[in-house]
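Below is one structure, written out as structure tokens; the observations come after it.
Just so it is clear, the model here is predicted, and its values are computed rather than measured.
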Amino acid sequence: MMTQSTQMAPRSNGFNKLQMLVILLTPLLVMASSTLLYFSGWLTPDERVNKGILLTPVLQLEDLGLKLESVNPDRQWLMVQTSASCQADCEQQAYLQRQTHVALGKNEPRMKRLLLSRTAGLEGLTEQYPGLELHPLTDVSDAFREQVPAQFSDQNYVFIVDPLGNIPLYFTPGNTFKDQLDDLKKLLKLSTIG
């Protein structure tokens, strides 16, 4: 019996070392594998959840020629519509922005709407769509021009700005009311600011 117990001790010790080695190497193997998969792009999903166009890197409100302190002192989320020449399609987009704003429900107070235009005499829109603010459309930054199509000012693009002045995404006329509402609901649900 003495010989069996002496023979069992080394086997048990070797098994413990193997267990410890597996325990120590598993996290390293997982980290190395996940890093390799991330940087290789392999197994990256093709579809995306957002309907709007994400900006990478994120732009700033100043890139649109606006100062955060003057247009957003209460630090709300902003829907910024751009229309150099505000005609019927611009007014229709202003209506859709109002509908989107109201459809946010309990999150409506977290959002504010702006219209940037070079057209004079749009004060009637602010009466027709309460809460809409008018601001002049000025020159945009070079960083903005690099990421956003040049026709943004003529086609009623809508830029979403967070309370810190970051512009993470925008919507084109090709996006529907539902596209915009879905993205905004997700953003506001996940956001702890504004």
Side-chain angles (χ1 to χ4, degrees), residues 41 43-61 63-66 68 71-72 74-119 122 124-135 137 140 143-194:
L43 295 178
T44 303
D46 290 333
E47 70 274 356
R48 54 181 203 191
V49 177
N50 59 297
K51 310 289 191 303
I53 298 171
L54 293 174
L55 292 166
T56 307
V58 171
L59 294 171
Q60 300 298 311
L61 190 59
D63 292 319
L64 259 173
L66 298 171
L68 182 64
V71 298
N72 196 10
D74 297 331
R75 298 290 197 255
Q76 296 168 284
W77 284 82
L78 302 176
M79 285 189 277
V80 182
Q81 176 186 342
T82 58
S83 182
S85 175
C86 192
Q87 304 301 322
D89 57 339
C90 163
E91 292 182 23
Q92 177 64 24
Q93 186 63 38
Y95 167 76
L96 288 174
Q97 291 311 111
R98 170 71 179 143
Q99 295 304 99
T100 304
H101 193 188
V102 171
L104 290 173
K106 68 179 182 178
N107 286 317
E108 183 181 356
R110 296 176 66 190
M111 187 67 68
K112 182 176 171 180
R113 291 172 290 116
L114 276 62
L115 170 60
L116 306 184
S117 183
R118 294 187 182 110
T119 306
L122 294 176
L125 281 179
T126 60
E127 294 170 15
Q128 193 174 358
Y129 306 117
L132 177 65
E133 287 185 14
L134 300 175
H135 293 275
L137 180 61
V140 296
F144 190 92
R145 281 190 204 97
E146 289 173 11
Q147 289 199 63
V148 179
Q151 69 270 21
F152 82 93
S153 64
D154 299 322
Q155 295 186 356
N156 297 298
Y157 279 39
V158 177
F159 296 88
I160 304 304
V161 184
D162 74 13
L164 303 175
N166 301 307
I167 307 174
L169 83 153
Y170 67 92
F171 299 96
T172 68
N175 290 109
T176 65
F177 164 82
K178 186 174 177 353
D179 291 345
Q180 190 173 345
L181 184 61
D182 288 348
D183 278 5
L184 287 174
K185 283 184 174 180
K186 283 177 200 153
L187 265 177
L188 292 173
K189 181 180 179 182
L190 295 172
S191 171
T192 58
I193 56 175

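- The shortest distance between side-chain heavy atoms of Ser191 and Asp162 does not fall below 4.5 Å.
- Annotation: the span from Leu96 atom CG to Arg98 atom CZ amounts to 12.5 Å, rounded to 0.5 Å.
- Among pairs with a residue in residues 77-119, none fulfils ring pair (Phe, Tyr, Trp, His ring centres under 6.0 Å), at least two apart in sequence or across chains.
- Using a 4.5 Å heavy-atom threshold, the side chains of Cys86 and Leu125 count as touching.
- Considering only heavy atoms from C-beta on, Leu169 comes within 4.5 Å of Leu187 through its side chain.
- Here the side chains of Gln147 and Pro57 are in contact, with some heavy-atom distance below 4.5 Å.
- In this structure the side chain of Gln60 reaches within 4.5 angstrom of the side chain of Asn166, judged on heavy atoms.
- The nearest pair of heavy atoms linking Pro163 to Asn72 is CA-ND2, 4.3 Å.
- Judged by distance alone, the side chain of Asn50 and the main-chain N or O of Gly52 form a donor-acceptor pair under 3.5 Å.
- Residue Lys185 forms a side chain to side chain contact (heavy atoms under 4.5 Å, CB included) with just one option from Leu181, Asp183, Leu188, and that option is Leu181.
- Within the 4.5 Å cutoff, side-chain heavy atoms of Val148 are placed close to those of Leu59.
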Step by step, work out the side chain to side chain contact (heavy atoms under 4.5 Å, CB included) result for Thr126 and Glu133.
CA-CA 7 Å; Thr126 60; Glu133 287 185 14; over 6 Å; no
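- Atom-to-atom distance recorded for Met111:CE and Ile160:CD1 is 5.5 Å, nearest 0.5 angstrom.
- Taken to the nearest 0.5 Å, the CG atom of Asp154 stands 11.0 Å off from the SG atom of Cys90.
- At a threshold of 4.5 Å between non-hydrogen side-chain atoms, the residues Asn175 and Gln180 do not count as touching.
- When ring centroids are compared, Tyr170 and Phe152 stay outside the 6.0 Å threshold.
- Between the side chain of Arg75 and the main chain of Gly165, no donor-acceptor pair closer than 3.5 Å is present.
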Give the C-alpha distance, both sets of side-chain angles, the deciding distance and a yes or no for side-chain hydrogen bond (donor to acceptor under 3.5 Å, both in side chains) between Ser83 and Gln81.
CA-CA 7 Å; Ser83 182; Gln81 176 186 342; 5.2 Å; no
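- Atom CG of Asn156 sits about 10.5 Å away from atom CD of Glu91, to the nearest 0.5 Å.
- Between Asp182 and Lys178 there is a salt bridge, since at least one side-chain N of the basic residue sits less than 4.0 Å from a carboxylate O of the acidic one.
- The CD atom of Gln155 sits 9.5 Å away from the OG1 atom of Thr82 when rounded to the nearest 0.5 Å.
- Here CZ of Arg113 is found 9.5 Å from OH of Tyr129. Values are rounded to the nearest 0.5 Å.
- Among all heavy-atom pairs drawn from Pro109 and Lys106, the shortest one is CD-O, 3.4 Å.
- No side-chain heavy atom of Leu114 sits under 4.5 Å from any side-chain heavy atom of Val161.
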